[in-house]
Structures are given as structure tokens and as C-alpha cells.
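Numbers restart at 1 for each chain; the letters A, B, ... are given by sequence-line order, proteins then strands.
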Number of protein chains: 2
Amino acid sequence: MDLGTVFAALADASRRRVVAELAADPGGRERACGSFDLPVKKATRTHHFRVLRDAGLITQRDHGNGSTVALRRDDIERHLPGLLALLVAEPRPATGPRDGAPHSTDPAPTAP
Amino acid sequence: MDLGTVFAALADASRRRVVAELAADPGGRERACGSFDLPVKKATRTHHFRVLRDAGLITQRDHGNGSTVALRRDDIERHLPGLLALLVAEPRPATGPRDGAPHSTDPAPTAP
DNA sequence: CAGCAGGTATGACGATCATCGTACCTTCGT
DNA sequence: ACGAAGGTACGATGATCGTCATACCTGCTG
């Protein structure tokens with residue numbers, strides 16, 4: 001649980017968003033990895049989850065096909081009290097749905 | 001005062017150290033830029049101070065030859081409450097003086 | 001005045017990073 | 001059995017970053 005690694009992980013907007021959404025849920029429930037509306041392709045999403053995992057911010061469970069993530073809230077609050085509050089309080093540019101192309105999961109193969 | 005920029009700035013150990021030392025001083029006094037014992041050369045130190053300034057974490061005053069920095073404690077605490085506490089509380093590897101070469105300011109031109 | 005100490009600007013270099021395409025694997029539904 | 005859907009692994013690529021050398025500027029001091 002290194003501060004440098006944590007800050008580096010949270011320097012990216014997509015990763016910050018994931019942690020913020022997890023932290024905003026008071027129940028601390030698991031969430032499907034695909035349930036985050038990130039503006040990146042599948043491979044990049046996998047990469048981001050890996051970075052968050054290596055930073056010690058989330059745990060990930062593999063279910064064969066889908067996988068789920070959970071916030072390591074207790075560890076974070078113990079070592080870095082108040083950090084999650086900063087993320088939850090961050091003003092988001094536009095929480096609403098994207099307007100460009102209606103989002104599918106990994107879309108737009110222009111000519112397969 | 002963007003969270004991404006702030007986290008990116010604090011992802012570097014040298015910059016984190018500067019902010020932590022400034023934050024550890026309850027008086028909020030200015031400090032000479034050269035008074036930080038950073039393991040980098042002059043130009044790099046200037047670069048780090050610029051990053052911290054661009055992130056909105058410090059202000060810098062030019063005195064002709066030397067210059068001084070001051071923590072923007074009020075702004076930080078207003079927008080990111082608790083952040084400075086995390087930095088001050090961070091365990092530092094070795095706060096004692098470096099042992100390798102006794103530090104001069106910009107030393108060691110092996111054979112000019 | 002000459003030299004030095006502290007800072008900055010500029011340009012370069014190597015490393016890391018975010019992103020993606022592709023290939024592959026696993027499970028579920030038909 | 002077969003395909004679709006969700007994830008991962010493995011490069012590749014372009015951008016950014018940390019670091020430094022060098023050159024230059026400013027003010028203090030012998």
C-alpha cells in the first residue's frame with residue numbers, strides 16, 4: 001500500500017471513476033467489471049483494473065465469463081483515511097449517458 | 001485545482017516530499033527552494049516546483065537569486081480536505097542525511 | 001570587478017504509460 | 001455443438017514524464 005502507487009493509480013480519470021463509483025455505494029457491494037461506463041476498449045479496461053488491483057485499491061473475483069470488483073474500503077480507510085471521500089466528492093464533468101454513439105460493450109467494427 | 005493533476009503531481013516521491021515537509025510546518029512559513037534535500041539536480045528541482053505550482057499546491061516567489069515556496073494550505077484544505085494529513089502521515093524511508101556522497105548543491109563534475 | 005551560488009529555459013534521452021488490435025479462453029444460452 | 005459475450009495475454013504505438021547537461025540570468029560578496 002504505497003502512496004506513490006496509489007496516487008499514480010488515481011491520476012487517471014477512468015480509474016478514479018471506478019473507485020469513486022465503488023466508494024459511493026454505501027453497501028460496499030461487488031460490481032460487475034462491465035458495469036462501468038468507461039470510454040475505453042476492453043483491453044484497456046482490463047489494464048485499468050490491474051493497476052487498481054496492484055495499487056491495493058480493489059479486489060477482483062473471476063467468475064469464468066464475467067468478473068467482479070470490490071473496493072478494499074477497510075484497508076484504504078485504515079491506511080489512507082479520507083482518501084475515498086475526496087474521490088466521491090470530486091465534481092464529475094457529465095455523469096449522464098454518453099450522447100455520441102449509444103454505447104455497446106466493444107463496438108463499431110466498421111467492416112468485419 | 002483538478003484532482004487528476006493533483007494526484008499526478010503527488011505521484012512523484014520528490015514532489016510528495018516537498019509538500020509533506022511544507023505541510024508538516026504548522027506555521028505555514030515560506031521555505032527556500034534550496035532547503036529541500038532532494039536527490040535530483042537543479043534543473044529537475046525547478047521542474048518539480050513547476051509541476052507543484054501548476055497543480056495549485058504551492059506558490060513561488062522570486063527573490064532575484066534565491067526563491068521561496070509556500071504551501072497553499074487554505075485552498076488545499078478547502079477543496080481537498082484531509083489530503084495534506086495523508087502526506088504528513090506517510091512513512092518516509094529514511095529521513096536522516098544521505099550517506100553516499102556528502103551532499104553539495106549541484107556537485108560532482110567529474111572532470112570538467 | 002570577478003566569481004560564485006541559486007534558478008530558469010531549452011533540448012535531449014530513456015523509461016513509463018494509456019490506448020488499442022488481435023488472438024485466445026471461459027461460460028451461458030440457444 | 002455452436003456462437004455470443006465478457007476477460008485476459010501479448011505486442012505495438014504514440015504520448016508523457018523524470019532526469020540531466022548546458023547555457024544563461026540575477027544578486028551577493030570577497
Just distance, no hydrogens or angles: give the donor-acceptor pairs under 3.5 Å from side chains in residues 26-36 of chain B, sequence neighbours left out.
{"residue": "B:R29", "atom": "NH2", "partner": "B:D25", "partner atom": "OD1", "Å": "3.2"}
{"residue": "B:E30", "atom": "OE1", "partner": "B:R61", "partner atom": "NH2", "Å": "3.2"}
{"residue": "B:E30", "atom": "OE1", "partner": "B:T68", "partner atom": "OG1", "Å": "2.9"}
{"residue": "B:E30", "atom": "OE2", "partner": "B:R61", "partner atom": "NE", "Å": "3.0"}
{"residue": "B:E30", "atom": "OE2", "partner": "B:R61", "partner atom": "NH2", "Å": "3.3"}
{"residue": "B:R31", "atom": "NE", "partner": "B:S35", "partner atom": "OG", "Å": "3.1"}
{"residue": "B:R31", "atom": "NH1", "partner": "B:E21", "partner atom": "OE1", "Å": "2.9"}
{"residue": "B:R31", "atom": "NH2", "partner": "B:E21", "partner atom": "OE1", "Å": "3.2"}
{"residue": "B:R31", "atom": "NH2", "partner": "B:S35", "partner atom": "O", "Å": "2.8"}
{"residue": "B:R31", "atom": "NH2", "partner": "B:S35", "partner atom": "OG", "Å": "3.3"}
{"residue": "B:S35", "atom": "OG", "partner": "B:A32", "partner atom": "O", "Å": "2.6"}

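- OP1 or OP2 of C:dA9 has at least one side-chain nitrogen or oxygen of B:R50 nearer than 4.0 Å.
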List, one per line, each side-chain donor-acceptor pair under 3.5 Å for residues 77-89 of chain B, sequence neighbours excluded.
{"residue": "B:E77", "atom": "OE1", "partner": "B:G82", "partner atom": "N", "Å": "3.4"}
{"residue": "B:R78", "atom": "NH2", "partner": "B:D75", "partner atom": "OD1", "Å": "3.3"}
{"residue": "B:H79", "atom": "ND1", "partner": "B:D75", "partner atom": "O", "Å": "2.9"}

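- Distance alone, capped at 3.5 Å, places no donor-acceptor pair between the A:R72 side chain and the A:I58 backbone.
- Following rounding to the nearest Å, A:L52 (CG) and C:dA18 (C1') show an atom-to-atom distance of 13 Å.
- Qualifying side chain to side chain contact (heavy atoms under 4.5 Å, CB included) partners for B:V51, counting only residues two or more places apart in sequence or in other chains: B:A9, B:R15, B:H47.
- In this view, A:A11 and B:F7, B:A8 satisfy the side chain to side chain contact (heavy atoms under 4.5 Å, CB included) rule, not counting sequence neighbours.
- Considering CG of A:L3 and CZ of B:R92, their distance stands at 10.5 Å, rounded to 0.5 Å.
- In terms of phosphate contacts, A:Q60 brings a side-chain nitrogen or oxygen within less than 4.0 Å of OP1 or OP2 of D:dT8.
- For B:T5, the side chain to side chain contact (heavy atoms under 4.5 Å, CB included) criterion is met by B:D2, B:A55, not counting sequence neighbours.
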Polar atom pairs (N or O), protein with nucleotides 13-18 of chain D, under 3.5 Å:
{"residue": "D:dG18", "atom": "OP1", "partner": "B:R15", "partner atom": "NH1", "Å": "3.4"}
{"residue": "D:dG18", "atom": "OP1", "partner": "B:R15", "partner atom": "NH2", "Å": "2.5"}
{"residue": "D:dG18", "atom": "OP2", "partner": "B:R15", "partner atom": "NH1", "Å": "3.4"}
{"residue": "D:dG18", "atom": "OP2", "partner": "B:H47", "partner atom": "NE2", "Å": "3.3"}

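- Contact annotation: A:T46 reaches the phosphate of D:dT8 (side-chain N/O to OP1 or OP2, under 4.0 Å).
- The side chain to side chain donor-acceptor pair (under 3.5 Å) check on B:R53 picks up B:Q60, with sequence neighbours excluded.
- Taking atom NZ on A:K42 and atom C1' on C:dC25, their separation rounds to 11 Å, with Å as the unit.
- Using a 4.0 Å cutoff on non-hydrogen atoms, the parts of residues 62-72 of chain A near DNA chain C are A:G64, A:N65, ordered by number.
- A:R61 has its CZ atom 19 Å from the P atom of D:dG6, to the nearest Å.
- Under the side chain to side chain contact (heavy atoms under 4.5 Å, CB included) criterion, A:T44 pairs with A:V40, A:H48, not counting sequence neighbours.
- Here C:dG6 presents its C1' atom at 14 Å from CG of B:L38, a figure rounded to the nearest Å.
- Rounded to whole angstrom, the span from the CZ atom of A:F49 across to the P atom of C:dT19 amounts to 13 Å.
- One interatomic measurement links the two molecules: NZ of B:K41 to C1' of D:dA23, which rounds to 17 Å at whole-angstrom precision.
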